[in-house]
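Here the structure comes first, spelled out in structure tokens, and everything after it is commentary.
This structure is a prediction, so every number in the text was calculated from the model and none was measured.
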Amino acid sequence: MDPDDQLFGVPRLKQVLTGQLQCPLEDLQKCVLEAVENFTRGARQADDLTLLIVRYRATAAAATTDTDLPDAVSGSSSAASASASPP
């Protein structure tokens, strides 16, 4: 929170991370922590700060969607996924 009791929040986090797809994770960590520090402007925090950064890179096989499959396969795949959806 800043001195005016405003939260850093997800929109500010998204703004900090925008355009940083190829940035090393260590640099992302520094960037986020610096942004939070600048935002708080020295305000005392009620809790600690925890940051976990994970980069997921899909393999070519995992990136295949049902639009990449022949019609017969994608039709049966859609039916199977519809019946297996969680409540």
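Looking only at side-chain heavy atoms (C-beta outward), Phe8 and Met1 stay at 4.5 Å or farther from each other. Gln29 places a side-chain heavy atom less than 4.5 Å from the side chain of Leu51.
Residue Asp2 holds its CG atom at 7.0 Å from CZ of Arg12, rounded to the nearest 0.5 Å. Expressed to the nearest 0.5 Å, how far CG of Leu13 lies from CZ of Phe39 amounts to 12.0 Å. Taking NZ of Lys30 as the reference point, atom SG of Cys23 lies at 10.0 Å (rounded to 0.5 Å). Between the CD1 atom in Ile53 and the CG atom in Leu25 there is a gap of 6.0 Å [rounded to 0.5 Å]. The CD atom of Glu37 lies 10.0 Å from the CG atom of Leu49; values are rounded to the nearest 0.5 Å.
Applying the salt bridge (Lys or Arg N to Asp or Glu O under 4.0 Å) test to Asp4 and every residue at least two apart in sequence or in another chain returns Arg41. Evaluation of the side-chain contact (heavy atoms from CB on, under 4.5 Å) rule for Gln15 yields no partner, not counting sequence neighbours.
Using a 4.5 Å cut-off between side-chain heavy atoms of Ile, Leu, Val, Met, Phe, Trp and Tyr, with links allowed through other members, Val16 and Leu28 fall into the same hydrophobic cluster.
Contact between Arg55 and Gln22 at its shortest, heavy atoms only, is NH2-C, 4.2 Å.
Between the side chain of Gln45 and the backbone N or O of Ala43, at least one donor-acceptor pair lies under 3.5 Å.
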